[in-house]
Amino acid sequence: MLDPKLIRQDLSKVAELLKKRGMTLDVARINSLEEKRKELQVLVQQLQSERNANAKAVGQAKAQGKNVDEILHQVKDLGEKLQATESEFEQVQNALNDMLAMIPNIPHESVPEGLKEECNKEIRKWGTPKKYDFEVKDHVDLGARIGMDFPTAAKLSGARFVVLRNKLARLQRALIQFMLDIHIKEHGYQEIYVPTLVTAECLFGTGQLPKMKEDVFSVNSEQGFYLVPTSEVSVTNTIRDEILEIDQLPQKFVCYSSCFRSEAGSYGKDTRGMIRNHQFEKVEMIQISHPDKSYEVLEEMTKHAETILQRLELPYRVVALCGGDLGFCAAKTYDLEVWLPSQNCYREISSCSNTESFQARRMKARFKDKAGKIDFVHTLNGSGLAVGRTLVAILENNQDAIGRIHIPKALQPYFDGQSVIE
RNA sequence: GGAGAGAUGGCAGAGCGGUUGAAUGCGGCGGUCUUGAAAACCGCUGAGUCCUCACGGGCUCCGGGGGUUCGAAUCCCUCUCUCUCCGCCA
């Protein structure tokens, strides 16, 4: 959520800045609602003040044993008037809040201009895609022989799921452990385990609701749970409604969890394989940062994700997303894209974003500085990494002519010291 | 699943229809004292929001929502969560 004060004071500037995303703000409607809001709020508070004064007068009169009929008569219809005004005010306020909740974050000034994917800016590249003197297979073909089982997954749950058997299941688990160990031991993150079934309130906090409702699965339960599309939802919401002491910052969490996405709106996209499944595993980094530090943190966190790819010897590039490609909450995002030989291109494997105070404001996550001044924290999140896609990348990049998979050195200790999946 | 108890400021804990945003204690901050520290004493110490250039002033919040009332932390309804006992269970 943007700062309501900013919206009030400089709406045209906000509208201008949002154009970078290709977003058009309904300035006229916001202005007229805002005007009404002000008028009604002043009126409501005036009436409330009157009511309070009267009630106090009654109390005092009674204490002195005086007759109160006269005061009571005077305030007879105040209640009704107040109630009517209050409900009108509430309506306007709700309408305004609903609009506010749908406005995306303002892009950082360093975000590349442009609305299309092609406008994303390559920041750096690491590694060189291998040359293969044979026809490369994609992960589906490679996986079929060694335990990647889509037919069975389809039997269980339908399209966009996978069953991993035997060594592939083991490989996935090794990757999770490997990533967690690096982030915990080398990058200083604290491991955290969280629920993957959460309330609507959490999803509002991290910005998936109300606008991105179609992307998340809701559970048909009494409690109205949702399945998290990323553990960012649960982890970031741990600080909802909190006022942290300044020395509690930064908070660095790493969390492994399953993630669930409905992938509505991506029909026909990546239908083959395990690039875009309804359920996938992810190791997620979250940082709760001081506002002054959050852009340093973003750089640092991106490097942390890169470390994993480097250790796994997977070629990748870092891309700064352009305005039009930014997620709803993000002020700035770096995507890490890993080389996939079968597609002959780089594909997203991690996304690191600074949401600044956008999520913090939605969830009232604040901190208190030394002087006692309270302000919103900045929240950042980054995949470190998407495990399923990492598995795909390892299979495809490390295949040989006879379809064996060579395990990267750094991962071998997590894989019983084995170097090959035959 | 059954029976009961509870939810108040950073924490502990009073208040159970009127001038209480809330006694008291602890903690925290500032000061006096001290070579320094401790102790003692004094003062301050919740969040949010609206109007205002400002000075100020108002409003909201005692787990969430609704109701009764001129007036609710206090009464009623409802939901959530926590605790105790019984049952069941990975």
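Chain A is the first sequence line, chain B the second, and so forth, proteins listed ahead of strands; every chain is numbered from 1.
Under the rule for a side chain to side chain donor-acceptor pair (under 3.5 Å), the partners of Asp325(A) that lie at least two apart in sequence or sit in another chain are Asn120(A). Scored by the salt bridge (Lys or Arg N to Asp or Glu O under 4.0 Å) test, Arg37(A) finds Glu34(A) as partners (sequence neighbours excluded). Take Glu396(A) and apply the side chain to side chain donor-acceptor pair (under 3.5 Å) test, not counting sequence neighbours, and it matches His139(A), Ser342(A). Here Glu300(A) pairs with Gln287(A) under the side chain to side chain donor-acceptor pair (under 3.5 Å) rule; sequence neighbours left out. Take Arg347(A) and apply the salt bridge (Lys or Arg N to Asp or Glu O under 4.0 Å) test, not counting sequence neighbours, and it matches Asp270(A).
Evaluation of the side chain to side chain donor-acceptor pair (under 3.5 Å) test over residues 85-102 of chain A, restricted to residues two or more places apart or in two chains, returns Gln48(A)-Glu86(A). For residues 150-170 of chain A, the ring pair (Phe, Tyr, Trp, His ring centres under 6.0 Å) pairs, not counting sequence neighbours, are Phe161(A)-His278(A). Within the structure, salt bridge (charged side-chain N to carboxylate O under 4.0 Å, His left out) contacts touching residues 157-171 of chain A (residues at least two apart or in different chains) are Asp149(A)-Arg165(A), Arg170(A)-Asp416(A).
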Base, backbone or nothing for each nucleotide of nucleotides 14-22 of chain B, written B, S, -, heavy atoms under 4.0 angstrom, 5' to 3'? ----BB---
Summarise how protein sits on nucleotides 46-60 of chain B as a single string, 5' to 3': B when a protein heavy atom is under 4.0 Å from the base, S for sugar-phosphate-only contact, - for no contact. -SSSBSS-----BSS
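Cation-pi geometry between Arg362(A) and Phe204(A) is met: under 6.0 angstrom from the ring centre, within 45 degrees of the axis.
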Under 3.5 Å donor-acceptor pairs involving side-chain atoms of residues 225-236 of chain A, not counting sequence neighbours:
unit_1, atom_1, unit_2, atom_2, d
Thr230(A), OG1, Glu232(A), N, 3.0
Thr230(A), OG1, Lys282(A), NZ, 2.8
Glu232(A), OE2, Gln359(A), NE2, 2.8
Glu232(A), OE2, Asn381(A), ND2, 3.3
Ser234(A), OG, Pro195(A), O, 2.7
Thr236(A), OG1, Glu232(A), O, 2.7

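Stem list for RNA chain B (at least 3 consecutive Watson-Crick or G-U pairs, distances under 3.5 Å): B:1-7 with B:80-86, B:10-12 with B:24-26, B:27-32 with B:40-45, B:46-51 with B:56-61, B:63-67 with B:75-79.
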